[in-house]
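Since the structure is predicted, the reported quantities are computational estimates derived from the model, not experimental observations. What you see below is based on every heavy atom in this structure, not just the backbone, and it leaves out hydrogens, waters and symmetry mates. All chains are named by letter (A, B, ...) in the order of the sequence lines, taking the proteins before the strands, and each is independently numbered beginning at 1.
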Protein chains: 2
Amino acid sequence: MQETLLSSSTTKTVTTRAESVFGDLRQRIVEGLVPMGSKISEPELARYYDISRSTLRDALSRLEGCGLLERKANIGYRVVTLSTEKLLEIFRVRESLEGMACHLAAQNMSSEQIAELKLLLIEHEQHEALQQGEAYFQKEGDLDFHFKIVFGSGNQLLIRLLCEELYYLVRMYRYQFGMASPRAKKAFREHHNIIQAIEDKDGELAEILMRRHISASRLNVEKRMNTL
Amino acid sequence: MQETLLSSSTTKTVTTRAESVFGDLRQRIVEGLVPMGSKISEPELARYYDISRSTLRDALSRLEGCGLLERKANIGYRVVTLSTEKLLEIFRVRESLEGMACHLAAQNMSSEQIAELKLLLIEHEQHEALQQGEAYFQKEGDLDFHFKIVFGSGNQLLIRLLCEELYYLVRMYRYQFGMASPRAKKAFREHHNIIQAIEDKDGELAEILMRRHISASRLNVEKRMNTL
DNA sequence: TATTCATATATTGTCGACAATTTATCTTGA
DNA sequence: TCAAGATAAATTGTCGACAATATATGAATA
C-alpha cells in the first residue's frame with residue numbers, strides 16, 4: 001500500500017522534480033546518509049541534485065512536514081536531532097493514535113483485509129523462523145502490520161498523521177538507534193492477539209491490546225535508558 | 001546591540017514576508033473569507049498581497065501543513081472542503097490525542113499551571129452567566145481550556161500535532177459549521193471534573209473523562225447528522 | 001591574549017522570467 | 001447539436017539573479 005523502496009517502477013506517480021528530490025532526500029535522511037543535526041546548505045544540495053534552489057526549497061518544505069527537517073527564519077533548514085526523549089514522545093502519540101486506529105479497524109475492516117493481515121502475520125512467522133537473529137525484516141514487517149491496521153481504520157486523518165507525518169521519523173529512529181528488538185517473539189504473540197480482537201469485532205479490546213503493545217516498546221526504551 | 005524603543009512594544013517575531021502572509025491567509029481561510037473548496041490562483045493572490053509567487057508559495061506550503069490547503073501536482077492548491085465526515089474523523093483523532101495529553105497533564109502539570117486552569121474555568125463561568133445565549137465566547141474559551149491541557153502534557157509532539165496542525169482546522173469548522181453548542185452547561189461540568197482528576201494526579205481518570213468529553217461532542221454531531 | 005568592532009563572505013529571502021503542463025476556446029466533422 | 005481534436009490562453013513548475021540577513025574573518029584596543 002505504502003511506497004516501498006522497490007515499487008517505484010509500478011506506481012510512477014512521481015511527476016515533478018521537487019517530489020522526486022523529496023523522496024530521495026527523505027530516504028537519505030532516514031538512513032542517516034545526511035547526518036542528523038546537520039545544517040542543510042541549499043546551494044550545495046541544489047548543485048548535488050542539479051536543480052534550482054526554488055525546486056529544492058519545495059522539497060525541503062515537504063520534508064519539514066514529515067518532521068525530518070526543522071526550519072528557522074533567516075537561518076535555514078537543519079536535519080532533526082533524534083533523542084531518547086523525542087522517541088518516547090513518539091511512542092506516546094503512537095500509543096494513542098494507533099490505539100484508536102485499532103479500535104476503528106475492528107469496526108471497519110473487511111474480511112478480505114483481515115485475511116491479508118493474517119497472511120502478513122504468517123509471513124513474519126516464517127521470516128522469523130528462518131533468520132532468528134536478523135531483526136531487520138522483523139522490524140520492517142512490524143511496520144507493515146501497523147500500517148495495515150491504520151489503513152484498516154478507514155480514517156483518512158489518522159492515516160495521514162501516522163503514515164505520512166510520523167512514519168518516516170519512526171523509520172529514522174529504527175535505522176539510527178537500531179533497537180535490535182529482543183521482543184520479537186513476544187511482539188508476534190501480541191500481533192496475533194490483536195488480530196483476534198479485530199476479527200471478533202471487539203474494538204475496545206483491540207484498542208487496549210494495541211496500546212499495551214506499543215507501551216511495551218516504550219517501557220523497553222525507558223528501561224534501557226535508565227540502565228545507561 | 002542597540003534595542004530601539006519602538007521594537008520593544010510589538011513582539012517582533014514576524015520576520016519574513018512569507019510568514020506574515022501565511023498568518024493572514026490562514027485567518028482568512030478559517031473565517032471563510034476565502035471560500036472552502038475554492039482554487040488558489042497564485043498570480044492573483046500574489047498580486048493581492050503584492051508579493052512574488054515564490055514568497056506566496058512558501059506561505060501556501062505552510063498552509064498545506066495546517067491542513068487548510070490541498071495540493072495536486074501541476075494543478076495547484078485548493079482550499080480544503082469541509083464535511084461532516086471529516087469533522088467526525090477529527091473528533092476521533094482529538095479524542096485519542098487529547099485523551100493522552102490529559103493523561104500526561106495529570107502527571108506533569110505544575111500547581112501553578114493547574115491554578116491557571118482553574119482560573120480559566122471561573123472566567124468561563126462568569127462569561128456564560130453574563131451572556132447566556134452567546135455561544136461564541138464559550139467556544140473560544142473551550143479551545144483555551146483544551147490548549148492549556150495540551151501544553152500541560154509537556155509532550156512537544158502532541159503540542160505540535162494538536163496546536164499547530166489540527167487547531168486551525170477545528171477553528172475553521174467552528175466558524176463555518178457554527179455549531180451553537182447546546183452542551184455549554186454540560187461541557188462546563190465536564191471541564192470541572194477533568195481539572196479535578198488532574199489535580200488528583202489521576203491520569204487514567206483524566207484521560208477517560210477527556211475522551212468522554214470529546215466523544216460527547218462527536219455523538220452530538222452524529223445525532224444531528226442522522227436527523228437531517 | 002582576549003574582546004570588541006568593522007569588514008567581508010556566505011546564506012537565506014525575494015523577485016521576475018521562461019518552460020512545461022493544464023485548462024479554455026475554437027474549429028471541424030458526424 | 002454534439003463530440004472530438006487542434007489551437008490559444010492561463011497556470012504551475014523551474015530557473016537564475018539580486019537584496020536582506022546571518023556568519024566568518026580580521027583589525028584594533030584594553
Side-chain angles (χ1 to χ4, degrees), chain A residues 8 11-26 28-29 34-66 68-81, chain B residues 1-4 6-8 10-26 28-29 34-81:
Chain A
S8 53
T11 58
K12 60 167 302 146
T13 52
V14 175
T15 52
T16 128
R17 259 177 260 253
E19 275 180 80
S20 151
V21 169
F22 164 61
D24 185 88
L25 189 50
R26 185 179 58 193
R28 289 178 59 208
I29 292 175
V34 184
M36 73 186 202
S38 65
K39 171 108 171 48
I40 296 289
S41 167
E42 295 183 7
E44 185 184 327
L45 251 188
R47 279 196 301 273
Y48 175 85
Y49 282 113
D50 194 30
I51 57 176
S52 73
R53 270 185 60 223
S54 311
T55 304
L56 175 67
R57 282 160 69 87
D58 190 334
L60 294 182
S61 73
R62 298 173 201 238
L63 287 167
E64 189 186 6
C66 295
L68 298 183
L69 293 183
E70 292 169 342
R71 184 185 188 185
K72 280 185 187 171
N74 291 315
I75 291 184
Y77 291 94
R78 185 173 287 279
V79 178
V80 67
T81 299
Chain B
M1 199 65 70
Q2 60 277 18
E3 181 85 3
T4 67
L6 296 173
S7 65
S8 56
T10 59
T11 53
K12 49 176 182 179
T13 52
V14 175
T15 50
T16 123
R17 259 176 260 254
E19 276 181 79
S20 150
V21 169
F22 165 60
D24 185 87
L25 189 51
R26 184 180 59 193
R28 290 177 60 207
I29 293 175
V34 185
M36 72 186 204
S38 65
K39 173 103 169 48
I40 296 289
S41 167
E42 295 183 7
E44 184 183 329
L45 252 189
R47 278 195 303 272
Y48 174 85
Y49 281 113
D50 194 29
I51 56 177
S52 73
R53 271 184 61 223
S54 311
T55 304
L56 175 67
R57 281 159 70 87
D58 190 334
L60 295 181
S61 72
R62 298 172 200 240
L63 286 167
E64 189 186 7
C66 293
L68 297 183
L69 293 183
E70 291 168 344
R71 185 183 186 185
K72 279 185 189 171
N74 290 315
I75 292 184
Y77 291 94
R78 185 172 289 277
V79 178
V80 65
T81 299

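Atom OH of B:Y48 and atom CG of B:L56 lie 12.0 Å apart (nearest 0.5 Å). If you take CZ on B:F22 and OG1 on B:T16, they are separated by 11.0 Å, rounding to the nearest 0.5 Å.
When rounded to the nearest whole Å, the span between OH of A:Y49 and C1' of D:dT14 equals 17 Å. In this structure, CZ of B:R47 is placed 8 Å from P of D:dT11, rounded to the nearest angstrom. Between the CG atom of B:L56 and the C1' atom of D:dT12 there is a distance of 12 Å, rounded to whole Å. The CG-P distance, from A:D50 to D:dG13, rounds to 20 Å in whole Å.
Judged by closest nucleotide on DNA chain D, A:D58 is the one of B:R17 and A:D58 placed further toward the 5' end.
Residues meeting the side-chain hydrogen bond (donor to acceptor under 3.5 Å, both in side chains) test with B:S52, sequence neighbours left out: B:T55. When the salt bridge (charged side-chain N to carboxylate O under 4.0 Å, His left out) test is applied to A:E42, the partners found at least two apart in sequence or on another chain are A:R53, A:R57. In this structure A:Y49 satisfies the side chain to side chain contact (heavy atoms under 4.5 Å, CB included) test together with A:V21, A:D24, A:L25, A:R28, A:L45, A:I51, sequence neighbours excluded.
Residue B:S54 is in base contact, counting any heavy-atom pair closer than 4.0 Å across all strands shown.
A sub-4.0 Å separation between OP1 or OP2 of D:dC15 and a side-chain N or O of A:T55 is present. Contact between the side-chain N/O atoms of A:S52 and the OP1/OP2 oxygens of D:dC15 is found at a separation under 4.0 Å. Proximity of A:T16 to the phosphate of D:dT12: no side-chain N or O atom is located under 4.0 Å from OP1 or OP2.
Counting only residues at least two apart or in different chains, salt bridge (charged side-chain N to carboxylate O under 4.0 Å, His left out) contacts with residues 68-79 of chain B comprise A:D58-B:R71.
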Show the distances under 3.5 angstrom between N or O atoms of the protein and N or O atoms of nucleotides 8-12 of chain C.
unit_1	atom_1	unit_2	atom_2	d
C:dT12	OP1	A:K39	NZ	2.6
C:dT12	OP1	A:I40	O	3.0
C:dT12	OP2	A:E42	N	3.4

